[in-house]
Every structure is written in C-alpha cells, then in structure tokens.
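For reference, the structure is listed below as structure tokens.
Bear in mind the structure is a predicted one, so any value in this text is a computation, not a measurement.
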Amino acid sequence: MPNEYNPKSIEAAVQKVWDNNKSFEVTEDPDKEKFYCLSMFPYPSGKLHMGHVRNYTIGDVVSRFQRMQGKNVLQPMGWDAFGLPAENAAIKNKVPPAAWTDHNIADMRGQLKKMGLAYDWSRELATCKPDYYRWEQWFFLRLLEKGVVYRKKATVNWDPIDQTVLANEQVVDGRGWRSGALVEQREIDQWFLKITDYADELLQDVKKLEDWPEQVRTMQANWIGRSEGVELSFGIENSDERLSVFTTRPDTLMGVTYVAVAPQHPLALQAAANNEELTTFIESCKNTKVAEADMAKMEKKGMATGMMAIHPMTGDKVPIWVANFVLMSYGSGAVMAVPAHDDRDWEFATQYGIEIKQVIDAVDGESVSVTEGAYTKKGVLINSGEFNGLSSKLAFDAIAEDLTNQGKGHKTVNYRLRDWGVSRQRYWGCPIPIIYCDDCGAVPVPEKDLPIELPTEIEFDETGGSPIKKMPEFYQTTCPSCAKPATRETDTFDTFFESSWYYARYTGADNDQSMLDKRADYWLPVDQYIGGIEHAVLHLLYARFFHKLMRDEGLVSSDEPFSKLLTQGMVLANTYYRENDNGGQDWIAPDQVDVQHDAKGKAISATLRADGQPVLSDGMSKMSKSKNNGVDPQILIDRYGADTLRLFSMFAAPPEQSMEWSDSGVEGANRFLRRLWRQVQEHIASGDEVVLDTKNLSNQQADLRRKLYLTLQKVTDDMGRRFTFNTAIAANMELLNDVSKFDDKSEQGRALRQEIFTTVILMLSPIAPHICETLWKSLGKTSLLIDESWPQVDASALVQENIELIVQVNGKLRGKITVAIDAKDEEIKQQAQDADNVKRFIKENLADKSVRKVIVVKGRLVNIVVA
RNA sequence: GCCGGAGUGGUGGAAUUGGUAGACACGCGGGAUUCAAAAUCCCGUUUUGGCAACAAAGUGUGGGUUCAAGUCCCACCUCCGGCACCA
C-alpha cells in the first residue's frame, strides 16, 4: 500500500472492481424493498458540465445511501438525444445530427464513468434510436384512436426569408437569428394532446405529492390555473353571431364598457376586411414572437373595430376592440372589459378614453374612487339594477343564474393550462406517424409499418429548414387505407415527448415486443427524482400527464411517476468581461483572470493574466457557454480525482440552493481527502487492531465516542431525510478534527480510533466512494465496502450525566451553567440566578427592578425576565 | 407583466420545531517545519471599544408579534428560475 493519496490509480482500480462484480446491475427482487433513484437524463451536448456533475452526484449519494439501507436500488442513465443543438451543430459544421449525437454520447458516457456513478449501464437508452422512439409512435397512435389527440391551427414564429419555423430562442429582438428577418406569427396545422382533459386530475394529484417541494407543487397548481367563473356571450349588432367570453367576476358584468378580442379572432379579421387601418394594426401585432413573456412586456395597444357588442343583461351597445394582449390560444380569444374593477382594463380604457363605470363599492363603507385606478377587491354591487346591494359573492350566483335562465351563459370551470402542441417543424426529432391522403385525410401509419425511421444520412442547407421536408424519398408514400399516392407527415414530436416516459422505459429498455412490461410495476413509481428547478413546470407536468395516459392504457398501475422530488439549484461561477468596440462584451474565462484582494481578502479588482490589464466583473452567474465562465469537470477529475469533485459539489451548498464555483474550494476538498488518507495511514501504522472495552473508557475517550455517535446520528438524518450533504460532510470534518487533537496513544485510544475511522469511512462512502473503498481495505476489512450496510448508532455511547445550559437575562446571553441531566426546574432556576455574570445583570444593572419570571427550556436555556 | 424562490462575516455556507448567530470550509494574518519553496501542522480571524474579563451593535430595508425572531406577520428593495418551440 503506497502511502500517498493517488486518486487516479485508486479510482481506476476501484471502478474496475465494481465493473467486474457488476455491482450496480439490478433485477427485480420481490423479497427486497426496491428503491428507484433517477436523475434527469442529459442532453448530449458533447461535454459534461458542472450542472451534470452536481445533479448526478446528488443522485449517486442518495442511491448509495439507500443501498446501504438494504434496498434494491435501481439507478439508470440515458440520453435525451433529440433536440435543436444537434441541428445547429449540423448547420455549422456540416456533420449530420445522428453522427454528432452518437459521438457526443460516447464522450459523455466516458466522462460519467470516470465520476464513479453507481449506474446500471445495462439499461442505457438514447431517445434518438428507433428502438426507443418507435414506442412513442405506437403510443401516439393509440392515443389518436382513443381521441386524446387532435389537430388544429396554432401560431408559430415564421422566418419569411429562410422560410422556416423558429424556436423562441432563435428569435432575437424580434428577428430571426440567422436571417435577421422580422419574424411573423403564422398559423399552421399541428397535432395536440388533450392535456386539459386531465387538468382536474393533474391538479388534484398535486395535493398528493407530499414529498415534492412546496414551491414546485404551487407552480404546478398555478400553471394549471383552475378558476371558477361564468362563460357568457354577447350579441353582435347586425349579426346573428354571438361573442363568447369567460369571466371570474360576473358580479362586475354591469360594469362592462367594452369587449376586447385577439388580433387573430374571426371578428377582428371580419372587421378588418373593409378597414385598412385595422388591417395594418392586426398585421403589426404579428411582428412579435409567440412567447407569453414578450406578449406581457410589450406596450398594450388596441384599436376599435367599429363593431358593437350587445350587453347580455342591459342590451346596451359596447364597442368591440382588438387588443394585442388578448391571447387567441387562451379561452375563447375574447374578454369582457370592466375598467373600473380590473387593472389592465383600467389602463387600457384610460389610454383610449373608454368609459369607466363603477359597479362595486367597498363593504366597509371605505370611499372608492375609480378615477385613479381600478378597485379590484370584492364588495357590494351598485349601478347594477336589480342586483344592487348584493355582495360580490351573492351577485356571482344571481347573475350566473339569470344568464343561465336567459340561455346566455352558465357557470363553468376554466383552466389556464392549454392543450399540448406536440408538432415541431424540425428534423432532429421523432417522426409523427401519420400519412396525409387527399381522399382519406390524416391516416395513421399501420402498426406493422412502425417505426417510421428518421433518415440519418442527410445534409442541412443554409436556411436551417428540416431536410426531410425536402426529401421526396422520405415523404412520398401511399395511403394505407386507399393505396393512392399520399404524403407522409414531416413534422416531428416535441422533445418533451421523449422525456415524458423515459423513466418508465428504463425498467425494461431491452424489450423489443412492447413499450413496457410488468417490470415497470416492480420499479415504478420513481422513489427519488432529481433535477434542475428549471423543469419545475413543463417537463414535470408533461411527464405526470404521460404517466396518467400510460396508466389509462394499462401500461403502468400507479397514478404518479415520481414519489419524491429534489430540485437542485444552478451552478454559478465568476464572470469577467471587457467592453469591445461595438459596445458589447467580450467574455473572459475565469481561469485567465487574476484577482486582487484587499487586506481582508475581499476581491477589489481583476486583471487578465495575458496582459496584466484590468477586466470588469459581472459577479456570479450561471455557468454557460455564452458567458464563457464554464469549468470543465474533466480537467478537475484529471487533476484532483472524481472524489474531490464529488466532495466539493456536495460541500459547497445544500442541493436545492445555487452553488458557487470556487477553485480554492476544490483544493480545500482535496486537502480534506488527503488529510483523511494520512490520518488513516498513520493509524494503521500505529499498531495492530485491539478490541475496544466500552465499559472502561476515560472521560476523554467517552467524550470522543459520544461525538462519534452524535455525528452518525446527524449524518444519517442529513443524508436520509434532509439531503443536506454539506452539513453531513461538515460533521465528519468536525469529528476528524477532534480525532486529530486526541493524542491518546493507549491501546484503548487506538481501538477507539479504529471504530471512528471505520464509521467515518462508511459515512463518507456515498460521497467519496473510491477513497473510502480503498481505505476500507487498508483498515483490514476483507469485504467490499460497496456491499456494506449503514452503521448503527450505539445508544449507550450517547448517555450523558451533565449538560450545559445557557442563561439569558431579558433574552441576552449572560452566562452558562452545568447541571445534571435530570435536574429539576427549581434547581436550574436557582443555579442560573446564582451564576456570576448573571447575578451582576440582575442586581447591579437593574437595581430597582425585580425578577418577573424565569423560563426554562428543557436541555437548552434559562431566560430570566427582569422588569 | 404573471407565477415561484433567494438575500446571514472578506467569501461559500451553518443555525433542523421561535431558544447560544457565524458550525464546517475558503481567504487573510501570525507562528512552526525547511538552505529555500511547495506541502504539512499550530494559533487568530463579524464589527466597534478593551491587555483581558467583558460590553455594545449586528442576519437586504422599514414596521410589528413574543420572555426570546436569521426563523413568524405586514410593507418595500435587489437578485435569480419559469412563462408553453432551449433542454
């Protein structure tokens, strides 16, 4: 055994042992409690980044800890392999996405293996392979048959120069990123999944997800956005048509002074037909990208159509406006506007000089003015005819009932959630298995013809448009029902489709006969899911929805896919730049920068190492290519070893918080491992192992042994319940600091050290498994550490005769006392008041006052209240 | 704009159920070891005053509840994540 800590050789050796033993390959074992631990699979961008390292280390620590608890642990890994970056790389480097992706997967797999992650690699999957995506084609057709799938028009970002559809991120400042053309909104036919049919269940079941972070549950619930209200319709002057709107405030119905419709609304288009100004306005509304955030931030604009709506109650005429902030895709694409009682309506009405009519008054007689702003609270109805004097709550029902009786409306439930558009006009995705026939319409591809394979030998042209849309050999086919020439669908699925069910496929990734099999029922639901907080809404909602779809098809038996969720924070790093001539920033990698500190160590300036000239700091931001502040894990693994990287990732911050990268922090983590290594080696060199006589310990030995088991107790809780690996590591550091101060050379002392090191190595093994496996052997163990159980607390070591209490006077710390563990409150109170410094504060400083009461908090403190 | 978070020493963070604010680590300062350096080890390190004992102040800002508030309540400021075609 060499005495130097050499991570490179021990990590390779330990990984080989795990490999040879197939330590992480698992099968269904009905006699053991299963634990399915899943980290969100990566997009194979080419290189592992720190976000991955952090995510996968968390998952690995949880998996290894659960394994030590005796569970049958499944931890798989795979690749979310379809997506835009492969297309971008293809355009840039003329490499086909399939080849580029395969290459990246091979590289990243190699990096992951060097991290020593306890994956069952036999279950590896890549979503871009036909043996994976064929099943989602199959499932899509099942859903189509069942009526969950339908086709309708939806808006996309259209690049008029490149003649392609752009993703939101490909639109920069309203222009196509490649062509620079102003993007236009365009309506095209797309496939949708009726997620709204499951809205209620998705919302109800959020409540059952008790082991999800509260913030994620709230975000999911808000995203679904259930609201109870009334759907009602306005008549249209000189027309038989009616205009339908939804409102959550029918009590304000009498305050409606206009109606607003989306620019794409049929009424708007009808009105524009002989109105040039309106046509221009509607056209101008198309020059925004479809992102809701952009819509919300833009200036609120509108134009009257000249058409009038007829109020369903009063029969009054109110103008119909076109407004750029009304979304066609939400509800009916029209809203009734009550400027007196809605902020946005108020602003719009004020801007365009539309009447503001107050119909709600405050309940408590507070004076209400709607000239300075909208009054949005509920209250009592005024100016509302027969409904005057009713509370908002009663008016809600009364008005709804009245509308129902007149056949002009009814109570209903509305969701903010919209159906899931799954069509993408992109190449690198799963082909949608549909054939279009002039006679038969959209015809499903027969099951025997699945999978529809995506051609991989392709070339992109400079427009970036999907190559298969220009490949007759792909899209020319015959109709499955009438055999006439027909056209294949060239759109592909949203990549959220793949990531919505991969967790289930891991349970039977080798099955080429069916999507899932009964192994899914053994492993599902996932016991612990770990991934970035950025997925809190979309991915998790789609996966939950997909799970319910699979359940309703009899493929899985649970209602929810992920029992417990941990959302990890981002990895941040220092960011530096220089202004360039164009006024933009040239981002400089942190490892090219020297930082100057003041006497206290605070960073005061930074210079570029190459020229010694100053650079500007942009503080901490998310590691990203665009800011050039990424740190390559590979370099760190080569320099310090995977254990150091794992340890630092877990130590720098608790998993849910963002984590700041620090080079010196990594060195600190490495220093700790070297210290641990040396301490153990010195202990081994100090003599042979002897048995600890726990009945005859010196006070010092008993104290240290108590510290050991207090640490174990804390670490068990930190790892198993709290997931605060940073404090688990800190507790071990504290314990080892105490051990290094413990200079007891006796046999008992040595025996105690043996017990401590054995336990510490078990405790740290989920985090730094290679060094621990190696030291385990050094301590003379013949078993493999990976097959060991989590240590048990020796309760007898925790017993204490005396404890220290702090003494406060009026809530301020004034002294400490030592009392017997079973001391009575009266004794404690007396002793506290007799303590030196405490006495001074009671008597000297507060001479004319007296002790009002004494509060004793068991095992913690005494507070003497003087007044 | 809407929804969801976060803010504690020079820095990352700890304080788990309202009960010792600053564990652990980084950095910095001092010392030991060394021909010298690296590495390692020891001591100190919230601020202010004091040789010290100790005292005062202190957890983004302003209020409040409580014997006791980083923790609970109200209002605000700043930063971050998501907003349906980035994944």
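The aromatic ring centroids of A:Phe82 and A:Tyr133 lie less than 6.0 Å from each other.
In this structure, A:Ser658 does not reach the B:C80 phosphate: none of its side-chain N or O atoms is under 4.0 Å from OP1 or OP2. Regarding contacts with the backbone of B:U40, a side-chain N or O of A:Arg671 is found under 4.0 angstrom from either OP1 or OP2. Not one side-chain nitrogen or oxygen of A:Lys622 sits closer than 4.0 Å to the OP1 or OP2 atom of B:C86. Phosphate contact (OP1/OP2 of B:A53, side-chain N/O of A:Asn837, threshold under 4.0 Å): absent. Between A:Arg860 and B:A68, a side-chain N or O to OP1/OP2 separation shorter than 4.0 Å is absent.
When heavy atoms are screened at a 4.0 angstrom cut-off, A:Trp420 is found touching no nucleic acid atom at all. As judged by a 4.0 angstrom heavy-atom cut-off over every strand, A:Phe496 is placed among the base-contacting residues. Among the atoms of the strands shown, base atoms are found under 4.0 Å from some heavy atom of A:Val156. Within 4.0 Å of A:Leu84, counting heavy atoms only, lie sugar-phosphate atoms of the nucleic acid but no base atom. If you check every strand for non-hydrogen atoms under 4.0 Å, A:Gln170 touches nothing. The residue A:Gln657 sits close only to the backbone: its heavy atoms come under 4.0 Å of sugar-phosphate atoms, none of a base.
Across all strands shown, B:C72 forms a Watson-Crick or G-U wobble pair, both distances under 3.5 Å, with B:G64. Base-pair partner of B:C24: B:G12 (Watson-Crick or G-U wobble, both distances under 3.5 Å).
Going from atom CG of A:Leu813 over to atom C1' of B:A57 covers 15 Å, rounded to whole Å. Between A:Phe725 atom CZ and B:A14 atom P there is a gap of 13 Å when expressed in whole angstrom units. The CG-C1' distance, from A:Asn222 to B:A84, rounds to 15 Å in whole Å. The distance from atom CZ of A:Arg840 to atom C1' of B:A55 is 8 Å, rounded to the nearest whole Å. Between A:Gln215 atom CD and B:C2 atom P there is a gap of 19 Å when expressed in whole angstrom units. Going from atom CG of A:Leu327 over to atom C1' of B:C83 covers 11 Å, rounded to whole Å.
Comparing A:Val165 and A:Glu804 by the nucleotide of RNA chain B that holds the closest heavy atom to each, the one mapping nearer the 5' end is A:Glu804. Each of A:Lys853 and A:Met733 lies near RNA chain B, and the nucleotide nearest A:Met733 is the one positioned closer to the 5' end.
Between A:Thr288 and A:Asp294, the side chains place no donor N or O within less than 3.5 Å of an acceptor N or O (distance only, hydrogens not considered).
Going from atom NE2 of A:His535 over to atom CZ of A:Phe496 covers 7.0 Å, rounded to the nearest 0.5 Å.
If you check distances only, the side chain of A:Asn863 does reach the base of B:C67 with a donor-acceptor pair under 3.5 Å. Remark: the A:Arg721 side chain and the B:U16 base include a donor-acceptor N/O pair separated by less than 3.5 Å.
Geometrically, A:Lys152 engages A:Phe192 in a cation-pi contact, judged by NZ or CZ lying under 6.0 Å from the ring centre and within 45° of the ring axis.
Note on ring orientation: taking the six-membered ring where Trp is involved, the planes of A:Tyr502 and A:Tyr529 are tilted (angle from 30° to 60°).
Among the nucleotides B:A57, B:A84, B:A14, the one closest to the side chain of A:Thr727 is B:A14. Nearest nucleotide to the side chain of A:Ala293, out of B:A87, B:C24, B:C83: B:C83. The side chain of A:Phe841 has B:A55 as its nearest neighbour among B:G12, B:A87, B:A55.
Surrounding CZ of A:Arg860 are at most 12 heavy atoms belonging to other residues, nucleotides or ligands under 6.0 Å away.
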